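Down below is the structure, laid out as structure tokens.
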Amino acid sequence: MIELLDAVKTYTQGRRTVNAVRGVTLRVNSGEFVTIMGPSGSGKSTLMHLMGALDTPSGGRAVFHGQDLQTMSDRQRSLLRRDRIGFVFQAFNLLPTLTAAENVALPLLLAGTNRRQALHRAAECLERVLLAHRAEHFPDEMSGGEMQRVAVARALVADPEAVLCDEPTGNLDTAASREILTLLSKLPEPGKRAVIMVTHDPNGASYGTRLVRIRDGLLESDEAVRK
Ligand code: ADP
Ligand code: ADP
């Protein structure tokens, strides 16, 4: 479903060149929950940006359902992200002036869905993250764990084939982290959806089906997680 084939990403800052990803091959299929771990600066976020079509590789290939990201225009990649990929970030990234339901509905509203339909779909997604009772609440009325559940609901609103999470438990206490990890572990479905998560959370890997370790821009190991 998502493939990196000897993918390379080089950043240039003035005269300095950073080889963030130096040749990584990784295939993720629906049904998988892939955890990516590695030291700070090892290239995890860069890898995530390549898999999420936020960026294109400097070398090698990044392929989503058989289509090379490099062959797509910025507009096509943007539509791919909007319609087929959900994102969850460490910082929740909810809009403070919108209710939980409106935050979840926002991607659909921006895509042109009518308000009634968008809010109906948002309600389904809030139910899925067990937050139906918080639909009319604003972010500052919610705990960190609840805000992140709203963010997960928002990531699901377009029924994406991949949910990409960058340190989703980085701002949460242990109990809230476990809730989010449990929730994420229920999202992958064979033939339908994969979850990919970058994390430093030592508990994180045990919730996944597969653990990938990255070091210095290279894949160090890639193993199934024994349950
Ligand atoms: P991680 O997520 O594992 O901390 P990153 O993918 O963020 O690693 O970064 C890998 C390397 O690439 C680091 O050396 C980082 O400083 C560099 N880097 C990341 N993004 C950029 C950028 N936009 N411009 C320049 N260098 C970057
Ligand atoms: P951090 O890794 O510190 O948690 P963020 O999660 O805020 O940082 O953002 C990670 C990266 O994803 C940033 O480069 C940011 O520009 C990008 N990003 C954040 N929100 C979105 C979004 N809704 N859609 C696309 N890209 C985003």
Side-chain angles (χ1 to χ4, degrees), residues 1-28 32-64 68-70 72-78 80-82 85-93 144 147-148 151-152 154-155 160 162-172 176-177 180-181 184-185 187 194-223 225:
M1 185 165 89
I2 299 183
E3 298 170 279
L4 297 181
L5 303 170
D6 203 18
V8 171
K9 183 68 190 184
T10 304
Y11 294 108
T12 313
Q13 281 182 317
R15 271 184 295 171
R16 208 167 72 93
T17 299
V18 180
N19 299 308
V21 170
R22 300 192 295 152
V24 168
T25 296
L26 193 59
R27 291 182 179 82
V28 177
E32 290 194 291
F33 181 1
V34 179
T35 306
I36 300 177
M37 298 183 96
S40 194
S42 58
K44 303 183 297 297
S45 293
T46 303
L47 214 55
M48 195 73 132
H49 285 192
L50 294 175
M51 291 192 283
L54 287 162
D55 215 339
T56 50
S58 328
R61 298 167 62 198
V63 182
F64 193 94
D68 265 77
L69 295 186
Q70 289 103 311
M72 301 169 71
S73 64
D74 285 352
R75 164 95 184 136
Q76 285 174 317
R77 280 193 291 118
S78 159
L80 170 70
R81 290 195 299 272
R82 189 188 82 185
I85 305 176
F87 293 93
V88 177
F89 298 96
Q90 176 170 353
F92 318 138
N93 298 354
M147 286 193 275
Q148 195 62 304
V152 172
R154 180 184 53 191
V163 176
L164 303 196
C165 314
D166 198 348
E167 297 280 3
T169 63
N171 284 340
L172 302 179
S177 295
I180 291 295
L181 292 167
L184 293 175
S185 70
L187 301 181
V195 175
I196 304 170
M197 171 176 74
V198 164
T199 188
H200 279 115
D201 191 332
N203 295 317
S206 66
Y207 289 80
T209 60
R210 183 172 158 198
L211 171 61
V212 170
R213 290 185 187 278
I214 301 294
R215 181 178 290 274
D216 301 329
L218 292 171
L219 202 151
E220 188 177 56
S221 64
D222 180 353
E223 290 167 359
V225 174

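As the structure lists them, so they are numbered: ligands from 1, and atoms in each ligand from 1. As the structure is a prediction and not an experimental result, all values here were calculated from the model. Along the sequence shown, residues are numbered consecutively beginning with 1.
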Just need the protein heavy atom nearest to atom 27 (C) of ligand 1, so name the residue and atom and give the distance.
-> Tyr11 CD1, 3.3 Å

For ligand 1, which atoms have a heavy atom of Lys44 less than 4.0 angstrom away?
-> 1 (P), 2 (O), 3 (O), 4 (O), 6 (O), 8 (O)

Any donor-acceptor pair under 3.5 Å from Asp216 side chain to Leu218 backbone = no

Taking it one step at a time, do Val88 and Ile180 satisfy side chain to side chain contact (heavy atoms under 4.5 Å, CB included)?
-> CA-CA 11 Å; Val88 177; Ile180 291 295; over 6 Å; no

Using a heavy-atom cut-off of under 4.0 Å, does the side chain or the backbone of Met48 touch ligand 1, or both, or neither?
-> neither

Numbered atoms and elements of ligand 1 in range of Ala20, under 4.0 angstrom, heavy atoms = 10 (C), 11 (C), 12 (O)

Shortest protein contact, atom 7 (O) of ligand 1 (heavy atom only) | Ser45 CB, 3.7 Å

Donor-acceptor under 3.5 Å (Glu167 side chain, His200 main chain) | yes

Could you tell me whether atom 16 (O) of ligand 1 has a protein heavy atom closer than 4.0 Å?
-> no

Where the closest heavy atom to atom 13 (C) of ligand 1 is concerned, which of Gly41, Gly38, Pro39, Gly217 has it?
-> Gly41

Is the closest N or O pair between Gly43 and ligand 1 shorter than 3.5 Å?
-> yes

Could you state the interatomic distance from CE (Met37) to CD1 (Ile214), rounded to the nearest 0.5 Å?
-> 12.0 Å

Do we see a donor-acceptor contact under 3.5 Å between the side chains of Asp166 and Ser45?
-> yes

One finds that the ligand 1 atoms under 4.0 Å from a non-hydrogen atom of Ser40 are 4 (O)

Sole candidate of Arg27, Arg210, Arg213 that passes side-chain hydrogen bond (donor to acceptor under 3.5 Å, both in side chains) when paired with Asp222 = Arg210

For ligand 1, which atoms sit closer than 4.0 Å to a heavy atom of Val18?
-> 11 (C), 12 (O), 14 (O), 17 (C)

Roughly how far apart are Glu3 CD and Leu69 CG, rounded to 0.5 Å?
-> 11.0 Å

Non-hydrogen protein atom less than 4.0 angstrom from atom 25 (C) of ligand 1 | yes

The residue among Val163, Leu164, Ile196 that forms side-chain contact (heavy atoms from CB on, under 4.5 Å) with Ile85 is Leu164

What part of Thr46 sits under 4.0 Å from ligand 1 if we count only heavy atoms: the side chain, the backbone, both or neither?
-> both

Residue Ser42 vicinity, atoms of ligand 1 by number, heavy atom under 4.0 Å = 1 (P), 3 (O), 8 (O)

Tell me, with the steps shown, if Tyr207 and Leu184 meet side chain to side chain contact (heavy atoms under 4.5 Å, CB included).
-> CA-CA 8 Å; Tyr207 289 80; Leu184 293 175; over 6 Å; no

